[in-house]
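All heavy atoms count here, side chains included; hydrogens, waters and symmetry mates do not.
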Amino acid sequence: AGASNGKRKRATTAAETTSAKKGKNDIEVVNDTIVDAPGKVRIIFTGIPKEESMARSIGADVVDDPALASHMIIGTELKRTPKLLVAINSGVQFIVNLNWLQDSSKKGEPIEINSLKSKYIVRDKKKEKLWGFNMEQTLSLPRGIQSTSKRVFDGYRFYYHPEGVTEEKVPPVEEMKPIVESGGGIWINSLESNTIKSSNIPIIIVTFVEAVKKASGVFATVLNDFTAGRLAELQIYSVDLILLGVLRQKLELENNVLDIKDILDLSALKSNKRKK
C-alpha cells in the first residue's frame, strides 16, 4: 500500500489531552488518532532543504512532527538525524529520496510505493553496513503506538548523561528525549534517590567514557554506589544502545554495556601516575 489508511495512531505527549483538536499543520487529532482523508500523504523532510511547494502540488501535507509523517524525504546519504529516528520509532511507512517527490510532481499525484524494494526507498549500503541494519527490514517491522507489538524501549526508564563530553557530535538531551519517548521509553531527568525508588521499572543510564571519567555530584555518587554493588537495579550503556536500537528496532543490552568499574579504575590509575 502506498499511503496511510486515513486513521493512524501517533506518539503522544502529556500536553495532548483533549478529545478532539487540530494538530500541527491543521491535521485533526481525535483521541490521539490522526483523522484525515483515506490515503492522505504527510511528508516530512530531514537533512535536505524543504520542497514544500512541490509537496503541496501533489496534494500532500508537509509536517514538522516526525510522528505524523507517512513519508520521510531525505538525501541519498543516510544520517542519524533526530527526525529520522523518531519517525522510525513512530511508524513512518516510507523513507524515500527526492526523486520520488520530483517524479510524483511530474505525474501530478503521489506515486504509490507497493514494495520496500522500490527504487525510491533510500538504501545507503555503506551506512547500513556500518550500523548493522537493513532499511527494508526495519521499515517492514511493526512500529509506533499504532502497533500491537512491544515498542523498542518499552519497559525501561532512561537517564542520559552527556555532561563533560567535549566531542562535537554528542547528541544533546533535547534530541535524545523524543527519540527515547517515541520508542516507548520513560525519560527521567534525575538520579536522585527518590527518583530511582519511585518505580520498579528498571533504569538504563546512557552515557560516555569521558562523562564517567569527569563524573561529579549525584552522578559520581551513583556510579560509586553502582560499582560497589549497591544499585543493582541500574544498568549503564553507551549511546549506541539508543541510536542503533532505533535503526535495528532491537534493544541489544549486552552489546552496548559500559564497563564502569574498568573505566574508573583506569582513570584512577592514570591520575595516581600523574601525581607521582
Side-chain angles (χ1 to χ4, degrees), residues 1-75 78-105 107-113 116 118 120-122 135 138-139 141-147 151 174-184 246-247 249:
S4 66
N5 61 9
K7 285 192 176 183
R8 191 169 78 89
K9 284 278 191 174
R10 55 155 291 181
T12 60
T13 65
E16 294 174 344
T17 56
T18 56
S19 61
K21 57 192 175 297
K22 289 286 186 177
K24 288 184 180 179
N25 307 89
D26 292 329
I27 294 170
E28 187 176 1
V29 181
V30 178
N31 294 328
D32 298 320
T33 300
I34 300 170
V35 179
D36 54 17
K40 187 68 175 179
V41 172
R42 295 177 297 275
I43 294 173
I44 189 168
F45 296 86
T46 184
I48 61 171
K50 290 184 179 180
E51 296 285 354
E52 294 194 38
S53 59
M54 191 180 297
R56 294 195 174 97
S57 75
I58 64 172
D61 284 333
V62 178
V63 299
D64 295 317
D65 184 347
L68 296 174
S70 62
H71 292 62
M72 170 169 273
I73 300 178
I74 69 175
L78 199 59
K79 298 178 181 179
R80 297 187 297 192
T81 66
K83 283 184 178 180
L84 173 71
L85 299 178
V86 171
I88 289 174
N89 274 344
S90 301
V92 68
Q93 294 169 278
F94 307 110
I95 297 175
V96 297
N97 52 46
L98 190 58
N99 289 339
W100 173 81
L101 182 57
Q102 293 169 335
D103 290 350
S104 295
S105 182
K107 188 179 178 183
E109 62 182 7
I111 291 176
E112 190 166 341
I113 299 174
L116 292 176
S118 166
Y120 298 118
I121 297 293
V122 173
M135 179 65 81
T138 296
L139 293 180
L141 294 171
R143 293 161 288 119
I145 200 168
Q146 75 272 22
S147 169
R151 289 182 290 170
E174 58 268 24
E175 290 183 359
M176 293 295 283
K177 185 173 186 280
I179 294 170
V180 166
E181 292 181 334
S182 65
V246 175
L247 295 175
Q249 285 296 289

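Annotation: side chain of Ile95 is not in contact with side chain of Ile121 (no heavy-atom distance under 4.5 Å). A 4.5 Å side-chain heavy-atom check between Phe45 and Val62 finds at least one atom pair inside the cut-off. Between Ile43 and Leu101 there is a side-chain heavy-atom pair separated by less than 4.5 Å. Residues Leu84 and Leu78 meet the side-chain proximity criterion, which asks for heavy atoms closer than 4.5 Å. Two residues are said to be in side-chain contact when any heavy atoms from C-beta on lie closer than 4.5 Å; Met72 and Val96 fail this criterion. Annotation: side chain of Thr46 is not in contact with side chain of Ile48 (no heavy-atom distance under 4.5 Å). Inter-residue side-chain proximity for Ile88 and Arg143 is flagged as met; some heavy-atom pair is nearer than 4.5 Å.
One distance of note links CD of Gln93 with CG of Leu116; it measures 10.0 Å at 0.5 Å rounding.
Not a single donor-acceptor pair under 3.5 Å links the side chain of Lys107 to the backbone N or O of Ile58. Looking at Arg42, its side chain does come within 3.5 Å of a backbone N or O of Leu68 through a donor-acceptor pair. Between the side chain of Thr138 and the backbone N or O of Leu247, at least one donor-acceptor pair lies under 3.5 Å.
For Val180, the side-chain contact (heavy atoms from CB on, under 4.5 Å) test picks out Phe158, Trp187, Ile242, with sequence neighbours left out. Judged as a side chain to side chain donor-acceptor pair (under 3.5 Å), and not counting sequence neighbours, Glu175 has no contacts.
There is no side-chain donor-acceptor pair under 3.5 Å between Asn89 and Glu181. Remark: the Ser90 side chain and the Ser182 side chain contain no N/O donor-acceptor pair separated by less than 3.5 Å.
When all heavy atoms are compared, the tightest approach of Ser70 to Val92 is O-CG2, 3.6 Å. Across every non-hydrogen atom of Tyr120 and Ile113, the tightest pair is CB-CD1, 4.5 Å. Minimum heavy-atom separation, Ile44 to Ala69: CG2-CB, 3.5 Å. Across all their heavy atoms, Lys40 and Gly59 have their closest contact at NZ-O, 2.8 Å.
By the 4.0 Å N-to-carboxylate-O rule, Lys50 lies close enough to Asp64 to be salt-bridged with it.
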Requested in this report: List the steps and the verdict of side-chain contact (heavy atoms from CB on, under 4.5 Å) for Glu51 and Leu98.
Outcome: CA-CA 9 Å; Glu51 296 285 354; Leu98 190 58; 4.1 Å; yes
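Ring geometry for Trp100 versus His71: interplanar angle under 30°, hence parallel rather than tilted (30 to 60°).
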